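Encoded as structure tokens, the structure appears first; notes follow it.
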2 protein chains.
Amino acid sequence: MKEKSSRLNTIREIVSRQKIGSQEELLTVLTEHGYSLTQATLSRDLKRLKITKTLDSTGAYQYKLSEPPFLNGGGGEVQIIGANSLEFSGNIAVMKTRKGYASGIAAEIDDEGGDAILGTIAGDDTILIIPREGYSRAEITALLSNLIGTN
Amino acid sequence: MKEKSSRLNTIREIVSRQKIGSQEELLTVLTEHGYSLTQATLSRDLKRLKITKTLDSTGAYQYKLSEPPFLNGGGGEVQIIGANSLEFSGNIAVMKTRKGYASGIAAEIDDEGGDAILGTIAGDDTILIIPREGYSRAEITALLSNLIGTN
DNA sequence: TCAATAATTGTATATTTTTGCATGTTTTTT
DNA sequence: AAAAAACATGCAAAAATATACAATTATTGA
């Protein structure tokens, strides 16, 4: 099912970008984005994504991705945890990251991407990933998913 | 009142030692430790302590001290991946990070540092951390170490 | 393809957490 | 020391979140 993974992606992006204080609130935003679901489903989505209600520095509630935005160096495998979503436009991949981490993660992708990655450009929370010609979306997705890890 | 801070302390200890999945459960443990309070009070205590309900790797709920996103404890060893070093010059702290991660980590410090941190400036792999006047090196070190963590 | 199996979702409901309010207690101010 | 202000707490109610169950939709394998 396509709907679901797209929705999960969107949820991750929203949560990492704006302050969301309750599921109802997030539900509203998702509705504005064109998704139709109930709070029950959202609750399950959040559980799958390990997004939990935390407290920000002012003591207000805020939903947050619980995985630290870091590289997991265990076992020689490099795994990037800070990336929130990946989507293609044409043959260009756009990765959204936790704010501030784009350039760091982009560097990792350059490092690890090998032949398949022609280059990357990073803003603050967005990375443009340009694959080398001849590599399919599927291949790039697989490569990056591997770096990122799955949900 | 002495009772309260002692209780908060105990809560922190319990939560960091054993798996607590709900406030009721924690309440039971606290009662066994000789404290007498209601779930309502406990809820407020947890809020003060910024202890929130998160999801562990198996998908079960677990209360946790808000965790610094800086480190990865793979294989029992504590490994600081984002931040490499911390040193003072005068009352200014300089943190070295993995290339590209400085601004991301600086943002975390701003987020989590509370009153003690006046501000941060990030380059590519270096963060300047300016403590608020009145905070000692030791305090800042403790704070940042805590953020960086010894999980 | 079709039946069997698994996954996803909504509804209704249960569970859990948060909070308004009243009250008692401690601390501060005068 | 009395009054005022600030803080802590329980109770009850509200709000938020999670889940059992049943229906629906997708997926798998012969």
Side-chain angles (χ1 to χ4, degrees), chain A residues 1-12 14-16 18-67 85 138 141-142 145 150-151, chain B residues 1-16 18-67 114-115:
Chain A
M1 169 164 279
K2 188 95 183 316
E3 168 82 0
K4 188 185 168 192
S5 72
S6 146
R7 191 184 63 224
L8 292 181
N9 239 13
T10 305
I11 289 173
R12 271 208 273 217
I14 293 171
V15 165
S16 60
Q18 32 184 135
K19 278 211 177 186
I20 299 292
S22 74
Q23 298 188 2
E24 288 299 335
E25 192 184 336
L26 179 49
L27 204 52
T28 303
V29 178
L30 280 167
T31 304
E32 286 163 3
H33 280 247
Y35 292 95
S36 168
L37 70 164
T38 62
Q39 175 271 324
T41 298
L42 180 53
S43 172
R44 295 177 187 118
D45 285 353
L46 292 174
K47 189 169 186 174
R48 284 194 192 94
L49 293 169
K50 296 232 169 90
I51 292 173
T52 56
K53 195 165 77 168
T54 63
L55 292 158
D56 70 13
S57 41
T58 75
Y61 291 105
Q62 175 174 14
Y63 275 79
K64 271 191 152 178
L65 291 153
S66 68
E67 300 295 343
S85 72
T141 302
S145 297
T150 46
N151 15 317
Chain B
M1 182 168 266
K2 189 97 183 309
E3 167 82 359
K4 187 184 168 192
S5 72
S6 145
R7 190 183 64 222
L8 292 181
N9 247 4
T10 306
I11 289 173
R12 247 199 294 252
E13 282 192 24
I14 292 171
V15 166
S16 59
Q18 39 185 128
K19 277 211 180 189
I20 299 293
S22 75
Q23 297 188 5
E24 287 300 335
E25 192 183 336
L26 178 50
L27 202 54
T28 303
V29 179
L30 279 167
T31 304
E32 286 164 3
H33 280 248
Y35 292 95
S36 167
L37 71 164
T38 63
Q39 176 271 328
T41 297
L42 179 53
S43 172
R44 295 179 184 114
D45 286 353
L46 292 174
K47 189 168 187 175
R48 286 194 192 93
L49 294 169
K50 294 231 168 91
I51 292 173
T52 56
K53 195 166 77 169
T54 63
L55 292 158
D56 69 14
S57 45
T58 74
Y61 291 104
Q62 175 175 13
Y63 276 78
K64 268 189 146 179
L65 289 152
S66 82
E67 207 180 342
D115 188 57

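So that the names make sense, note that chain A is the first sequence line, chain B the second, and so on, each numbered from 1. All values reported here derive from a predicted model rather than from experimental measurement.
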Establish, with yes or no, whether the OP1 or OP2 oxygen of [N] is under 4.0 angstrom from a side-chain nitrogen or oxygen of [X].
X     : N      : value
B/K47 : C/dT17 : no
B/Y63 : C/dT16 : no
B/Q23 : C/dT18 : yes
B/Y61 : D/dT17 : no

Notebook entry, point to check: Which part of the nucleic acid, if any, lies within contact of A/S43, taking any heavy atom under 4.0 Å across all strands shown: a base, the sugar-phosphate backbone alone, or nothing?
Noted result: base

How about [X] and [Y]: do any of their side-chain heavy atoms sit closer than 4.5 Å?
X     : Y     : answer
A/T10 : A/V29 : no
A/I14 : A/Q18 : yes
B/I20 : B/I51 : no
B/Y63 : B/L26 : no
A/L49 : A/V15 : no
B/E25 : B/T28 : no
A/K53 : B/K53 : no

Polar-atom pairs under 3.5 Å, protein N or O versus N or O of nucleotides 10-13 of chain C: list them with distances, or write none.
residue	atom	partner	partner atom	Å
C/dG10	OP2	A/T38	N	3.4
C/dG10	OP2	A/T38	OG1	3.1
C/dG10	OP2	A/T41	OG1	2.2
C/dG10	N7	A/R44	NH1	3.2
C/dG10	O6	A/R44	NH2	2.7

If I take atom [atom1] in residue [X] and atom [atom2] in nucleotide [N], what distance separates them, rounded to the nearest angstrom?
X     : N      : atom1 : atom2 : answer
B/L49 : D/dA8  : CG    : P     : 12 Å
A/E24 : C/dT18 : CD    : P     : 16 Å
A/Y35 : C/dT8  : OH    : C1'   : 16 Å
A/R48 : D/dA18 : CZ    : C1'   : 13 Å
B/D45 : D/dC7  : CG    : P     : 15 Å
A/I20 : D/dA16 : CD1   : C1'   : 15 Å
B/L46 : C/dT16 : CG    : P     : 15 Å
A/L26 : D/dA16 : CG    : P     : 14 Å

Notebook entry, point to check: What do the steps show when you test B/Y61 against B/L55 for side chain to side chain contact (heavy atoms under 4.5 Å, CB included), and what is the final call?
Noted result: CA-CA 5 Å; B/Y61 291 104; B/L55 292 158; 3.4 Å; yes

Margin query: Taking B/L27's backbone N and O only, do any of them form a donor-acceptor pair with B/T31's side chain (distance below 3.5 Å, no angle check)?
Written below: yes

Next item on the list: Consider the side chain of A/K53, meaning its heavy atoms from C-beta on, and name the nucleotide among D/dT17, C/dT17, C/dT9 that approaches it most closely.
Entry: D/dT17

Margin query: What's the angle between the local helix axes at either end of the helix from C/dT1-D/dA30 to C/dT30-D/dA1, using five pairs per end and rounding to 10 degrees?
Written below: 50°

